[in-house]
Number of protein chains: 2
Amino acid sequence: MASRAKATILDIAREAGVSKSTVSLVLQGSGLIRPETAVKVRKAIEDVGYVYNRGAANLRKAHSNVIGMVINDLTNPFFAELAVGMERVFQAAGVVPFIANTAENPVRQEEVLKSLLEQGVAGLIVSPARGTVPGAFRRIETAGVPIVFAMRRLPDSRIPVITPDNHRGAVLATEHLIRKGHRRLAFFGGSSDLVVYHERLGGFLEACERLGIPAADRLIVEGETSRKGGMACLETALAAGEPPTAALCFNDAVAFGVMLALRRRNLEAGADFAVVGFDDVAEAEHYSPALTSVAVDTAGLGERAAHVMLKMIQSRTTRAEDHIGAVTLVVRESSGPDRGQQVGDAA
Amino acid sequence: MASRAKATILDIAREAGVSKSTVSLVLQGSGLIRPETAVKVRKAIEDVGYVYNRGAANLRKAHSNVIGMVINDLTNPFFAELAVGMERVFQAAGVVPFIANTAENPVRQEEVLKSLLEQGVAGLIVSPARGTVPGAFRRIETAGVPIVFAMRRLPDSRIPVITPDNHRGAVLATEHLIRKGHRRLAFFGGSSDLVVYHERLGGFLEACERLGIPAADRLIVEGETSRKGGMACLETALAAGEPPTAALCFNDAVAFGVMLALRRRNLEAGADFAVVGFDDVAEAEHYSPALTSVAVDTAGLGERAAHVMLKMIQSRTTRAEDHIGAVTLVVRESSGPDRGQQVGDAA
DNA sequence: AACGATGATTAGAACGTTCCAATAAAATTT
DNA sequence: AAATTTTATTGGAACGTTCTAATCATCGTT
């Protein structure tokens, strides 16, 4: 059994008694060949255990059928959801997405992009790793390979971006907290080397400004975008002179961390301290208390990104419109019961 | 700017005033070429914005440098952790892993495998989707491409498997519960079309048997391997005549679901009902109460799988030893305080 | 000064496909 | 029955690499 030298299109041709050209035509489902011939060829293909060599084909064909998805942190379910959305669209288009993980490491990202490029991908969807240098994608752009950013963007670049409306989401969430009667607010987690951070923080600050929360009553704590980071943020905040009574978190992971830290202190999210997350991952709904969060339609953004990519490939362009996805605030338990305009917020 | 027809090795040769062979040699870092020549060539490569065409190269080279990782559910952090472990060792070996998601869908899996194969992968690491038909990998085997299963196995197949010691893990966990004084035990979640399920359930039953828990006091509830599934399991169990006081869950996701359902009923995991998970995902430690779980060293298994794969590729064989990873029980809060041999277990 | 070594470089034949142009066969028109 | 169109099939030249064998310098040796 096994590999007596990989079968090629010529082996099939011999087996079926036709020319290699005919086999090739059958392979691409051309309508030119006579049905009986096609059947004969297909049988031969089956018999010799042939596997198509896309590398060889791509040598002649203009475009390959694989696109690369470069994700900065696969262990974050958020990105996994994004990936799932894209896969749906690509599958329907007969395109195969290969996922590569950069683990938030720019060097690794470099390697991964190089490999994908060498493999001859038709396009690239990237959520750039933190600390990506501005010029990192110059190479790819000059190679003429279409590329879009998803969820994250780079400060300068003219590469099209698919992202949720971070600013608006933060405004929505902050207004919600203020309307609940909170007067001392915190923004937890994230770090300023991410563009997203500035967008979300910006929305938070704008809402505070507009609804009359003075700068002195806003607390901003940077931190890791993880459960652990969230826990640390809460500790820092509670240690402050006049601690906040509510927090908007950079993302859901941070929010979960904050809730855990609260429970450790025998405080209840919602009742004793309001917390709102961002992204609305699947888990938010099932947590206890259920997490109020800004829903960004992750899978939808994934689909959008995939569509944009397909269009770029099809029209062989490297330019496309940005796409800012609508967001909605999903109010659940963690931001407190709806007791209208309350005032008491003593520590 | 952009693609005035992709640069090739010949363009470089022209630019540098050498032959294509020389360029090729430089590309593979051969020691044969004179250093000054190499420098000249490398400069030319930079100048023309060349990108290596691996497809063309693979036409001549025996082996490609990409291996495929086929994962059945990317949104489960457990598999993401597995992937991360593999990536570590592959990266070190200069091999690029491409990840593809099957979303637990055998048809999708078929497509994904086909694509990977056509792409000319050097090997395949697969966690087979549920419902995979026995013959699904025949094709790959006869193609002579090395393949190993990770975490899951197929009933019949002779493909090497890397998996934790599911049986022993279940025994450990069950013994722990019984030693805590529980006399009516449940096994929650999972479905019998998975080999893993039988292994884990088998361990549970064996421990019950050995430590004298009669069959009448064991409750087995199949269910989805997700939070939701876990919640459903608990409801079913509590509705029973003589409900159990402790449960071993098929995996951590199920365990989290059980804990959530408990909280909904104002019961506390650990105090009112003991729950033990399986896999020990990162989250288990941070949950509240922290989840007692069987640690399987996920990343370690990933590394192991990667190593086995590399060895198979290197020795051009398609056979390898199975590898059963050691497991340990990590006792935390959810299985209850350590109050020794207690007896009271009235509903 | 002629000879082998040794070191660098290169021409040219693969590799497995696609696709154009050419051919052959069958069907249709004159 | 010849000429034309249509329908199927095919040869052969790409595509961008690698690799073997050959060529060409350079350098010691005798």
Side-chain angles (χ1 to χ4, degrees), chain A residues 3-42 44-45 48-66 115 117-122 143-144, chain B residues 3-42 44-45 48-66 115 117-122 143-144:
Chain A
S3 58
R4 38 34 142 95
K6 290 198 182 312
T8 126
I9 219 180
L10 286 106
D11 298 317
I12 299 171
R14 199 173 313 120
E15 182 83 8
V18 298
S19 80
K20 64 182 167 33
S21 304
T22 305
V23 177
S24 175
L25 257 3
V26 172
L27 246 20
Q28 356 194 190
S30 160
L32 279 182
I33 34 75
R34 199 157 44 104
E36 300 101 84
T37 313
V39 169
K40 198 170 51 178
V41 169
R42 261 188 276 272
I45 289 178
V48 303
Y50 169 75
V51 358
Y52 185 70
N53 185 334
R54 222 165 261 279
N58 285 344
L59 224 42
R60 300 245 41 203
K61 288 231 275 236
H63 272 312
S64 89
N65 77 140
V66 357
S115 267
L117 230 38
E118 292 181 354
Q119 221 61 234
V121 293
Chain B
S3 55
R4 35 36 142 89
K6 290 199 181 312
T8 127
I9 219 181
L10 287 106
D11 298 316
I12 298 172
R14 200 173 312 121
E15 182 84 6
V18 299
S19 80
K20 62 181 168 33
S21 304
T22 305
V23 178
S24 175
L25 257 3
V26 172
L27 247 19
Q28 357 194 192
S30 160
L32 278 182
I33 35 75
R34 199 158 45 106
E36 302 101 85
T37 313
V39 169
K40 199 170 53 177
V41 170
R42 261 188 276 272
I45 289 178
V48 303
Y50 169 75
V51 357
Y52 185 71
N53 185 334
R54 222 165 261 278
N58 285 344
L59 224 41
R60 298 244 41 204
K61 289 231 274 236
H63 271 312
S64 90
N65 77 141
V66 355
S115 267
L117 229 39
E118 292 181 354
Q119 222 61 234
V121 294

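Every chain is numbered from 1, with letters handed out A, B, ... down the list of sequences.
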>> Under the criterion side chain to side chain contact (heavy atoms under 4.5 Å, CB included), I'd like the reasoning laid out for A:Ile33 against A:Thr22: C-alpha separation, chi angles, the key distance, then a yes or no.
In response: CA-CA 7 Å; A:Ile33 34 75; A:Thr22 305; 3.9 Å; yes

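- Closest heavy-atom contact between B:Ala7 and B:Tyr50: O-CD1, 3.4 Å.
- Remark: C1' of C:dC19 and CD1 of A:Ile9 are 12 Å apart, rounded to the nearest angstrom.
- Residue contacts for B:Leu27: at a heavy-atom cut-off of 4.0 Å it reaches no nucleic acid atom on any strand shown.
- Residue B:Gln28 places no side-chain N or O under 4.0 Å from the OP1 or OP2 atom of D:dT17.
- The side chain of A:Arg34 lies closest to D:dA8 when the candidates are C:dT18, C:dT17, D:dA8.
- Atom-to-atom, CD1 of B:Ile33 to P of C:dT10 comes out at 12 Å; the value is rounded to the nearest Å.
- Nearest-nucleotide assignment on DNA chain C puts the 5′-proximal partner with B:Val18, out of B:Val18 and A:Arg60.
- Across the protein-nucleic acid pair, A:Asn65 atom CG and C:dT17 atom C1' stand 14 Å apart, rounded to whole Å.
- What you find for B:Val51 and A:Ala143 is that their closest heavy atoms are CG1-CB, 4.2 Å.
- Atom CG in A:Leu10 sits about 12 Å away from atom P in D:dT10, given to the nearest Å.
- When rounded to the nearest whole Å, the span between CG of B:Asp11 and C1' of D:dT17 equals 13 Å.
- Following rounding to the nearest Å, A:Lys6 (NZ) and C:dG16 (C1') show an atom-to-atom distance of 13 Å.
- Here the P atom of nucleotide D:dT20 and the CG atom of B:Leu25 are 11 Å apart, to the nearest Å.
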> Would A:Leu27 and A:Ile9 count as a side chain to side chain contact (heavy atoms under 4.5 Å, CB included) if you check the C-alpha gap in whole Å, the side-chain angles of each, and the deciding distance to 0.1 Å?
Replying inline: CA-CA 9 Å; A:Leu27 246 20; A:Ile9 219 180; 4.2 Å; yes

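- Across all strands, B:Thr8 comes closer than 4.0 Å only to sugar-phosphate atoms, never to a base (heavy-atom distances).
- Here D:dT17 is the nucleotide among D:dT17, C:dT9, D:dT10 with the atom lying nearest to any side-chain atom of B:Lys20.
- Residues B:Ser21 and A:Ala56 both approach DNA chain C. Their nearest nucleotides, taken by heavy-atom distance, put B:Ser21 toward the 5′ side.
- Proximity note for A:Thr37 (side chain, C-beta onward) versus D:dT18, D:dT9, D:dT17: the nearest is D:dT9.
- Protein atom CZ of A:Arg54 is 21 Å distant from nucleotide atom P of D:dC15, rounded to whole Å.
- Closest to the side chain of B:Thr22, out of D:dT17, C:dT9, D:dG16, is C:dT9.
- Under the 3.5 Å distance criterion, the side-chain polar atoms of B:Asn58 are left unmatched by any main-chain donor or acceptor of B:Gly55.
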